[in-house]
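Convention: sequence-line order gives letters A, B, ...; per-chain numbering from 1. Basis for what follows: all heavy atoms, side chains included, without hydrogens, waters or symmetry-related copies.
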Amino acid sequence: MEDTKTIETVPEKEQLSNFIRNIIDKDLASGKHVKIITRFPPEPNGYLHIGHTKSICLNFGIARDYKGICHLRFDDTNPTAEDVEYVDSIMEDIHWLGWDWGEKLFFASDYYDKLYEYAEILIQEGKAFVCDLSPEEMNKMRGTLKEPGQESPWRNRSIAENLDLFRRMKAGEFAEGSKTLRAKIDMSSGNINMRDPVIYRIKKAHHHRTGDKWCIYPMYDYTHCISDALEGITHSICTLEFEDHRPLYDWFLDQLPVPCHPQQIEFARLNMTWTVMSKRLLLTLVKEGYVSGWDDPRMPTVAGMRRRGFPAAALRELSERIGVAKASSTVDFELLQFCVREELNKTAKRVMAVLDPLPIEIENYPEDIIEYLPAENNPEDPSSGNREIPFGKHLLVEREDFAQSPAKGWFRLAPGAEVRLKHAYYITCKEVVLAPDGSVEKLICTYDPASKGGWTNDGRKVKGTLHWINRDTAVSIETRLYSHLFTIEDPMAAEEGKTFLDYLDSNSLVVKQAWGEPSLLEAKPGESYQFLRMAYFSCDPDTQPEKPVFNRVVPLKDSWGKKAKS
RNA sequence: UGGGCAGUCGCCAAGUGGUAAGGCAGCAGGUUUUGGUCCUGCCAUCCGGGGGUUCAAAUCCUCCCUGCCCAGCCA
C-alpha cells in the first residue's frame, strides 16, 4: 500500500451540519482542542456491513474535514470470537471505501501490558477486587432492572490479597470462570453497568495477535476508554447502545493517570429496510450456506456490495445523505439505490444486451451484409467516446418490448407500429409469426434506409426507442439478477416459531443467459454498465473473459413499468 | 417514581426564542435516439399531546403519551 493513498482520496464536500460537528466546532472555538482525532474501532469478528460505513464515513470524514486524523483500532479483547481473516477484510474494505488511516493502525491488544498496569493501580487504590463468584452467582447478585444488586462477599478483601490473587490469575493458576477482577463502584446504581462491572476475566484462549501470552483478557468497557485516552482521541464516537456505558467510560478515566480524557458521543446506528444488519444473523447465512460467502452479492456487507457493483462513492454519498442524529431511524433502501444510480449514471458505459430475446427479421435488408454503426458510450460523459455496433438482417429485441394488443400509451413495438432501433434505423412491424402454441416466434419488419443512425428530417414522430442485438454477432453472456438484498421488510419481527431464515427472499437470485453486443467481451471485472433500458450491471470480479458474468446492480427507474404493475 | 435516550411531511433530516432548509419517495408538466438522465412546479398554517411563560415558542417551563436501549466473565 503506497502511503500516498491518504484520506484525501475522498474529495471534500460541503458538509451538512449535525450535532457531532456542532460539538467539535465548539471545542475548537473554545480552545479545548486544536487537533481533532477520531477513531474507527471494529471488533474483528465479522465482515464490515453497510451499517459500519456510516461510522467509518463519519469518523474518517470528520478527520478529513477538520484536518485531523482518524485511527483504525481493532477492538480485539475477546480472542474466542476474533480472527485475522476479519482484520484483513476490514482493512481491505475501508481502503476500498476510499479511506486511509496512514500509520495510525492500532490494536487494543497492543495495550494489554499498560491495561494490566492500570488494573494493579486500581487494586492498589482499593477500587478493584478479585471476585470468586461464579457467573451464575454474579448474575443473581446483580439485581434486576428495578431492584438493586447485592455486594459480593469478596468485595472487601485486602489490597494485598487482591494483588496477589490478580497476579496469580495472570499467571494462570486459576480455572476459567473461577475468578474475575471487578471494579468497586456501586451495586445499587440504577445503571447496571456501574454495579461492580467485571474488568478482567480468565480465558485460556489463543489470541490471534498475542498468542498464548495472556490467559486473562480485559473487558470492552475497561479497554475502550483507556485505548482512546492512550491514543489521544478527542472525540470517541459510538452508537446509541453505549450511552449507558458512558458513566463507566468516564469513571475509569477519572480513576486512572491517563494522558487525557476523550469525550464519548453517541449517535443512532444505521438501520435499513429490507436489510439484515445483525452480525450474528449474517454469520448464520454464511455458516449455513444460504449465501456463497461474506462477499455474496446479496449480502449487505461492504464486500458483497462491492462484488455486486455498488460504487464506493455511492456508499459514501449515502452516509452523507442520511445524516447523523440521536433518534433511532430506519433509512429506506430506495435511498441507497438512488445513490448508486446517481453515481452509475455518471460513470457506467451504455451498452446493449437482450435478456429475453424475440427474433426479428428485416425483410428488406440484405442477407449477407453487416454494417457497423457508431454509438456513444455515455451521453452523460462525452469524453467516454464512441464504439461501433454491428447491424444486420437478423436481430434480437427484448420480448417485453413487443405487444400484440398494446395498451393505451404503449409506444414500443406492436403490429404495424414504427419504432426506432437505438443508434440504427426506424423499423415497422409488418407481420407477427406465431408458434404452434400461440406464442410469438418472430417478427417480420421493414427498415427505412433513410433513417440511418435513428433519425429522419421529415418530421416523423417516432417515440419508442428499443435496444437490440445483431443475431449473428451476438455475444453470449450470463446475468445474475438480484432482488432487493434478500429479506422481507422486518426479519427481526418474525412471528412466533419462525426465524429470520423463513423470511429470506427465495427468489433473490436468478441466473439468466443473455445476449450482448461484441464490446461486452472486453468488459473488465468490476466495470459497470447500463444495459440500455434494463438496469445497471457490473462485470463480476470473478468472471472469465470468454464468458462474462454480469451482476445486476440496481434497476433503472421505470415509471411506466411501475404504473403497469400497480 | 429502576437507569439512560429519543419523538419535526410516507422515509431520513436541518433548525438552539423571531415566525418550518434540504434529500429520498410521490404527484403534475417540459426536454430527450434509454418510458433513463436533465429541467420546472406541487408536496408540514405546522413541529407526539395538554397547559403555561413571552410582543413572539418546534425552540423556555410543566404535566402527560409513545418508542428505543440496559440485568454477557460479548463488543
Between the protein and nucleotides 20-22 of chain B, which nitrogen or oxygen pairs are less than 3.5 angstrom apart?
none

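- The two residues A:Gly309 and A:Ser528 come nearest to each other via the heavy atoms O-OG, 4.0 Å.
- Taking every side-chain heavy atom of A:Asn18 into account, B:A14 is the closest of B:G36, B:A14, B:G35.
- In this structure, the nucleotide among B:U37, B:C24, B:A71 sitting nearest to the side chain of A:Lys557 is B:U37.
- With sequence neighbours excluded, the residues forming a salt bridge (Lys or Arg N to Asp or Glu O under 4.0 Å) with A:Lys349 are A:Glu527, listed by chain and number.
- Checked against the 6.0 Å centroid threshold, A:Tyr217 and A:Tyr116 do not count as a close aromatic pair.
- Phosphate contact (OP1/OP2 of B:G36, side-chain N/O of A:Arg350, threshold under 4.0 Å): absent.
- Taking every side-chain heavy atom of A:Asn345 into account, B:U37 is the closest of B:U34, B:U37, B:A14.
- One donor-acceptor pair, N or O on each side, does fall under 3.5 Å between the base of B:G3 and the side chain of A:Asp244.
- Annotation: cation-pi geometry not satisfied between A:Arg182 and A:Phe129 (NZ/CZ under 6.0 angstrom from ring centroid, within 45° of ring axis).
- The A:Ser328 side chain lies nearest to B:C68 when the options are B:G35, B:C68, B:A25.
- Between the side chain of A:Arg246 and the base of B:G4, no donor-acceptor pair under 3.5 Å is found.
- Taking the six-membered ring for Trp and the full ring otherwise, the centers of A:Trp455 and A:Tyr426 sit at least 6.0 Å from each other.
- Stem list for RNA chain B (at least 3 consecutive Watson-Crick or G-U pairs, distances under 3.5 Å): B:2-7 with B:65-70, B:10-12 with B:22-24, B:26-30 with B:38-42, B:48-52 with B:60-64.
- Within residues 145-153 of chain A, the residues that have a heavy atom under 4.0 Å from RNA chain B are, in order of number, A:Leu145, A:Lys146.
- Residue A:Ala327 has its side chain nearest to B:A6 when only B:U34, B:C24, B:A6 are considered.
- Nearer to the 5' terminus of RNA chain B, by closest-nucleotide assignment, is the contact made by A:Lys26 (compared with the other of A:Ser451 and A:Lys26).
- Distances shorter than 4.0 Å separate some side-chain N or O of A:Ser17 from OP1 or OP2 on B:G15.
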Provide a list of protein-nucleic acid N or O atom pairs under 3.5 angstrom, restricted to nucleotides 73-75 of chain B.
| unit_1 | atom_1 | unit_2 | atom_2 | d |
| --- | --- | --- | --- | --- |
| B:C73 | OP1 | A:Arg142 | NH2 | 3.3 |
| B:C73 | OP2 | A:Arg142 | NH1 | 3.1 |
| B:C73 | N3 | A:Gly177 | O | 3.3 |
| B:C73 | N4 | A:Leu133 | O | 2.7 |
| B:C73 | N4 | A:Pro135 | N | 3.3 |
| B:C73 | N4 | A:Gly177 | O | 2.7 |
| B:C74 | OP2 | A:Arg201 | NE | 3.1 |
| B:C74 | OP2 | A:Arg201 | NH2 | 2.9 |
| B:C74 | O3' | A:Arg201 | NH2 | 3.1 |
| B:C74 | O2' | A:Asn78 | ND2 | 2.9 |
| B:A75 | OP1 | A:Thr77 | OG1 | 2.6 |
| B:A75 | OP1 | A:Arg201 | NH1 | 3.4 |
| B:A75 | OP1 | A:Arg201 | NH2 | 2.9 |
| B:A75 | OP2 | A:Tyr220 | N | 2.9 |
| B:A75 | N6 | A:His245 | NE2 | 3.3 |

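- Under the side-chain contact (heavy atoms from CB on, under 4.5 Å) criterion, A:Val351 pairs with A:Arg387, A:Glu517, A:Ser519, A:Leu520, A:Tyr529, A:Phe531, sequence neighbours left out.
- Of the two residues contacting RNA chain B, namely A:Leu240 and A:Gly409, the nearest-nucleotide position lying further toward the 5' end is that of A:Leu240.
- Phosphate proximity of B:A13 to A:Ser329: present, with a side-chain N or O under 4.0 Å from OP1 or OP2.
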